[in-house]
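These numbers come from the heavy atoms of this one structure, side chains and all, not from hydrogens, waters or symmetry mates.
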Amino acid sequence: QRMIKTLFIARQQLREPYHQGHTFSHQAVFGAGFMGQGIATLLAQKYPVYLFDHDLTTAEKAKESILQQTQELIAKGIKSTDSLQTLERHIKPTDDLALLADVDVVIEAVFEDIKVKKSVFQTISTHTTPECLILSNTSTLPMSELSQFVSHPERFCGLQDRKSTR
């Protein structure tokens, strides 16, 4: 019951500043590996997405991989060429942390190492606004521990969608 109450309170806190038509028009994904690419691909179908990794080259290669996979799906008749153009336009590999000042949602998808995640969350917290939602795609680390690394833990939660990369 305590967990249900905590979840309810957290959901209410997350909703408060985002009522009546607020859109999440600026997104960022930290971690351009398998999960980060899947998350960025889903978001980029509708929104511009900044894609970060430990260096710009890795983020750029991740975008190339996403586009190549999309081209393969087009060849199989699963996706349209419009979807490729949308992804090309919306996925923006970058290492410019100043861009985080305009982001509404940041999703962390780096590998499961608490030290790496701590560094990433501290970086995100330093460059985002207090209203920005910060999500972690962790599957093994406790949210309560990770929330200690962000400056606004009331805006932090876990995100784990096993279908996100399919």
My understanding is that only residues two or more places apart in sequence, or in another chain, count here; which of them pass side-chain hydrogen bond (donor to acceptor under 3.5 Å, both in side chains) with Asp55?
Thr58
Partner set under side-chain contact (heavy atoms from CB on, under 4.5 Å) for Leu56, not counting sequence neighbours
Glu60, Pro93, Asp95
side-chain contact (heavy atoms from CB on, under 4.5 Å) involving Leu97 - partner list, sequence neighbours excluded
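Here the qualifying residues are Phe30, Phe52, Leu100, Thr123, His127.
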For residues 140-150, the side-chain hydrogen bond (donor to acceptor under 3.5 Å, both in side chains) pairs (sequence neighbours left out) are Glu112-Thr140
Mind listing the closest non-hydrogen atom pair of Tyr47 and Gln27 along with its distance?
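Taking Tyr47 first and Gln27 second, the nearest heavy atoms are CB-CG, 3.8 Å.
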Between Ala59 and Leu51, what is the shortest heavy-atom contact and its length?
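In this case the closest contact between Ala59 and Leu51 is CB-O, 3.4 Å.
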Listed once per pair and sorted, the ring-ring contact (aromatic ring centres under 6.0 Å, His included) pairs that draw on residues 89-117, sequence neighbours left out
none
When rounded to the nearest 0.5 angstrom, what distance separates CD1 in Ile107 from CE in Met35?
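Atom-to-atom, Ile107:CD1 and Met35:CE are 10.0 Å apart.
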Just verifying a value: how many Å separate Leu146 CG and Cys157 SG, rounded to the nearest 0.5 Å?
11.5 Å
Residues that Lys92 engages under salt bridge (charged side-chain N to carboxylate O under 4.0 Å, His left out), provided they are two or more places apart:
none
Applying ring-ring contact (aromatic ring centres under 6.0 Å, His included), can you list everything that pairs with Phe121, at least two apart in sequence or on another chain?
Phe156
Donor-acceptor contacts, no H, no angles, side chain residues 71-80, under 3.5 Å, sequence neighbours left out:
residue : atom : partner : partner atom : Å
Ser80   : OG   : Asp82   : N            : 3.4
Ser80   : OG   : Ser83   : N            : 3.3

Looking only at side-chain N and O atoms, does Thr41 offer a donor or acceptor that is under 3.5 Å from a partner on Gln45?
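No, no side-chain donor-acceptor contact under 3.5 Å.
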